[in-house]
Amino acid sequence: MKKTLVIIAIIFSLLATSCVQKTYKKTVVLTLDVSEIKNVQKVGIRGNDKPLSWDYDTEMKAIKKDSLYQITLTGETGYKFTEVKFVVNDTFELQNEDNRRVLFSEKDTTFFKAKFNKR
C-alpha cells in the first residue's frame, strides 16, 4: 500500500509540473477609427487578458479628436492571441457577433487597427 501511494505521488507531481506554460511579455498597440460616429464622448476597450476586463472599460486616448483613439497594453501571456471589443459612448460594438481576435506578432510589439463596428 505504501509503495502504491509513493508511485501515485510521484506521478501526480510529474503531471502537475509538466503543465506549466511558458509566458512572454507582449506589447499591443490598438488603434480605433471612430470617424463615422457623431458626438463621441468616450472610447474604451474590454477584453480577456489583464489589464483588460469584460466587466469595465479601459479608456483609450484620442490621438485625433473624434476620429482616432489608441491604447498601448503590455502584459505577460502564454497565448498567441487575445480577444477584445471596443466600446464607444457605453455601446459595445459587434453585438451578437464574435469578439475581435488580436493575433500576437512574433516580435515584441503587435499593432492592431480597427474601425468601430466593422470587421
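Note that this is a predicted model, so its numbers are computed, not measured.
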Worked verdict on Lys25 versus Glu76 for salt bridge (Lys or Arg N to Asp or Glu O under 4.0 Å): CA-CA 4 Å; Lys25 184 177 180 180; Glu76 295 280 330; over 6 Å; no
Pair Asp33, Ser35: side-chain N/O donor-acceptor within cut-off below 3.5 Å: yes
Pairwise distance CZ(Arg101) to OG1(Thr82) - rounded to 0.5 angstrom: 9.5 Å
Sidechain-backbone polar pair: Thr72 side chain, Val29 backbone, donor-acceptor under 3.5 Å: no
Criterion side-chain contact (heavy atoms from CB on, under 4.5 Å) on Thr31 and Lys64, from CA distance to verdict: CA-CA 11 Å; Thr31 305; Lys64 187 175 179 187; over 6 Å; no
Lys115 versus Arg100, closest heavy-atom pair with distance: O-NH2, 2.9 Å
Heavy-atom check, side chain of Tyr69 versus side chain of Val88, under 4.5 Å: no
Glu83 side chain reached by Phe81 side chain, heavy atoms, under 4.5 Å: yes
Validation row: Leu73, Thr27 side chains within 4.5 angstrom (heavy atoms): no
Transitive ILVMFWY side-chain link Val102 to Val87, under 4.5 Å: no
Considering all heavy atoms, the nearest Glu97-Lys85 contact: O-NZ, 2.9 Å
Polar side-chain atom of Asn99 near backbone of Val84 as donor-acceptor pair, under 3.5 Å: no
Backbone N/O of Thr110 and side chain of Lys26: donor-acceptor pair under 3.5 Å: no
Any Val43 side-chain heavy atom under 4.5 Å of Phe116 side chain: no
Heavy-atom side-chain contact between Asp57 and Arg46 under 4.5 Å: yes
Asp108 atom CG, neighbour heavy-atom count above 12 within 6.0 Å: no
Any donor-acceptor N or O pair under 3.5 Å, side chains Thr77, Asp49: no
Test log, rule side-chain contact (heavy atoms from CB on, under 4.5 Å), inputs Val34 and Phe86: CA-CA 10 Å; Val34 296; Phe86 297 102; over 6 Å; no
Straight-line distance of Ser67 OG to Glu36 CD, nearest 0.5 Å: 10.0 Å
Phe92 side chain near Leu94 side chain, heavy-atom distance below 4.5 Å: no
Main-chain N/O of Ile63 paired to Gln70 side chain as donor or acceptor, under 3.5 Å: no
Rounded distance (nearest 0.5 Å) linking atom CG of Leu52 with atom CD1 of Ile71: 6.5 Å
Path from Leu68 to Ile45 over hydrophobic side-chain contacts below 4.5 Å: no
Rounded distance [0.5 Å steps], CD1 in Ile37 versus OG1 in Thr91: 8.5 Å
Which atom of Pro51 lies closest to which atom of Tyr56, heavy atoms considered: O-OH, 3.8 Å
Min side-chain heavy-atom separation Val40-Lys65 under 4.5 Å: no
